[in-house]
Amino acid sequence: MSIPTIKHVRAYVVRGGGADYHDQGDSHWIDDHICTPMSKYPEYCQSRQSFGINVLGSLVIEIEDSEGHVGLGVTTAGEIGAYIVEKHFARFLEGARVTDIEKLWDQMFNASLFYGRKGVVINTLSGVDLALWDLLGKVREEPVHVMLGGAVRDELQFYATGARPDLAKDMGFIGGKMPLQWGPAHGDEGLKKNIEKLAEMRSRVGDDFWLMFDCWMSLNVEYATRLAHAAQEYGLKWIEEALPPDDYWGYAKLRQQVPSTMMVTTGEHEATRWGFRMLMEMDCCDLIQPDVGWCGGVTELLKISALADAHGKLVVPHGSSVYSYHFVATRHNSPFAEFLMMAPQADKVVPMFNPLLLDEPVPVNGRLKISELDKPGFGVRLNPECKLHRPYTH
Ligand SMILES: C[C@H](O)[C@H](O)[C@@H](O)[C@@H](O)C(=O)O
Ligand SMILES: [Mg+2]
């Protein structure tokens, strides 16, 4: 059996939605007074784009083999990522066999260790890894979920992230995660507004629908503890990413202080097996939320997930569209997935990485049949109408 080799690696940048889903137009819920670590500065309080949440843009990676198959991976890394792919990672990829995914991951990780380890470098490595798994699936004519050992369930169920959990319930989702809008800089008045919002949504959705707060790294242990206890009477299911990712000590303390019925979750801005080992061994959270496009890709998420399973932790990947669905389908400790509502008013289901991909599957009535994923690789294509820019070559 002859194994194809990698011939060409190309890295493009795309603006306007896509993998950098914060890169949206005006009057979108995802940029409407959401609390962040920058909220202490009034000028950066209303809009996350004002401080640069969408500064990177989407990175699109194409890896073409000796037989003409093209693997596609996307992530949040923009021009920085394109530079790293073209000027650094390509040297390991070109000439390698399409099956050498584990070795290529190790070479790219260790070769960038002196400047990488987390953040945009691991985002970029993740994007390359997604393209490698997509390419292997196209060579083998198998979906990624089959190559990962096969689905353990017939369909995926989703909770929705967005400003309207009440509408998410009507659309069949199992829960609704709201962005927290007020933080320590807004004092008790702001905390009261957070709870009023939660109470209002609880009144609309009834007692059984999950409601969660996403705090996007913006709080401190004291405020998060007060918020959790005030939210308990409205059945808040989990408080997400309350603290900055490196504050393992704060998370461990917060987890001891929140009501026993409430989960502490985090992980979307954590990376590699070592970062998640810290979260688990320091007992920081009940559920981890790695983003497969940011934590190291599928190759690393397999390691993270096995570690979590051994610790009895659930792994519910941060919203990363089809790239996490293939993974969640195959893991017993991933019983549900996240769907980010990318319609500006969170009032309808649209593909998460719109407009970047074609054939991107979306939940129907809050669910997605695994059979919808039965296409080679991740089963998505680049939208030819998206303007690709290749800033570097090699
Ligand atoms: C809704 C949150 O503020 C973020 O925009 C979201 O990307 C992320 O934190 C999530 O968990 O979906
Ligand atoms: Mg989050």
Side-chain angles (χ1 to χ4, degrees), residues 17-25 28-39 44-56 58 74-76 123 158-165 167-168 173-183 194 197-198 201 210-219 224 227 236-245 251 263-271 279 284-295 314-321 323-325 328 334 336-346 349-354 363:
D20 190 355
Y21 56 84
H22 288 112
D23 192 22
Q24 296 295 332
H28 195 296
W29 70 265
I30 210 164
D31 202 31
D32 179 16
H33 203 286
I34 293 177
C35 193
T36 78
M38 291 290 283
S39 296
Y44 296 121
C45 205
Q46 169 54 36
S47 155
R48 293 191 285 188
Q49 289 191 15
S50 69
F51 70 74
I53 196 171
N54 61 330
V55 69
L56 293 175
S58 299
V74 301
T75 185
T76 312
N123 288 17
F158 293 83
Y159 75 85
T161 296
R164 296 295 304 271
L167 300 182
F173 289 97
I174 56 174
K177 182 169 78 179
M178 295 179 282
L180 195 75
Q181 295 195 286
W182 312 90
N194 289 326
K197 171 67 88 57
L198 176 62
M201 282 302 164
W210 299 351
L211 287 177
M212 298 77 88
F213 268 140
D214 188 310
C215 309
W216 211 75
M217 308 175 275
S218 64
L219 309 181
L227 178 70
L236 191 74
K237 186 177 181 69
W238 74 62
I239 181 168
E240 178 170 326
E241 219 185 11
L243 307 173
Y251 275 109
M263 290 198 282
V264 172
T265 75
T266 191
E268 74 185 67
H269 295 105
E270 188 54 86
L279 286 176
C284 297
C285 55
D286 301 276
L287 180 155
I288 60 170
Q289 302 165 299
D291 182 302
V292 70
W294 301 346
C295 72
L314 294 182
V315 179
V316 180
H318 168 249
S320 33
S321 185
Y323 296 99
S324 52
Y325 304 164
V328 169
S334 297
F336 53 90
E338 175 182 6
F339 185 75
L340 254 154
M341 300 296 277
M342 294 316 296
Q345 303 309 315
V349 169
V350 298
M352 185 185 157
F353 284 171
N354 242 4

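Fair warning: this is a prediction, and the values are worked out from it, not measured in the lab. The analysis underlying the following values was restricted to heavy atoms, covering all of them including side chains, and did not include hydrogens, waters or symmetry mates. When a ligand or atom number is given, it counts from 1 through the structure's own listing order.
No hydrogens or angles considered: nothing links the side chains of D31 and Q46 as a donor-acceptor pair under 3.5 Å. For the residue pair H22 and Q49, no side-chain donor N or O sits within less than 3.5 Å of a side-chain acceptor on the partner.
Taking the six-membered ring for Trp and the full ring otherwise, the centers of F173 and F336 sit at least 6.0 Å from each other. Here the two rings, on W294 and Y323, have centers that are 6.0 Å apart or farther.
Of the possible polar contacts, none joining the D291 side chain to the E268 backbone as a donor-acceptor pair under 3.5 Å is found. When atom types are taken as modelled, the side chain of S334 and the backbone of V315 share a donor-acceptor pair closer than 3.5 angstrom. Remark: the backbone N or O of H318 is paired with a side-chain donor or acceptor of S320 at under 3.5 angstrom.
Screening L180, D214, L287, T161 for a side chain to side chain contact (heavy atoms under 4.5 Å, CB included) with E240, the sole residue that qualifies is D214.
Near the Mg ion (ligand 2), less than 2.8 Å away, sit the protein N, O or S atoms D214 OD2, E240 OE2, E268 OE1.
The immediate protein surroundings of ligand 1, defined as residues with any heavy atom under 4.0 Å of it, consist of Y21, H22, W29, I30, I34, R48, T161, K177, D214, W216, E240, E268, H318, E338, L340.
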Q. Does the pair S39 and Y44 meet the rule for a side-chain hydrogen bond (donor to acceptor under 3.5 Å, both in side chains), with working shown?
A. CA-CA 6 Å; S39 296; Y44 296 121; over 6 Å; no
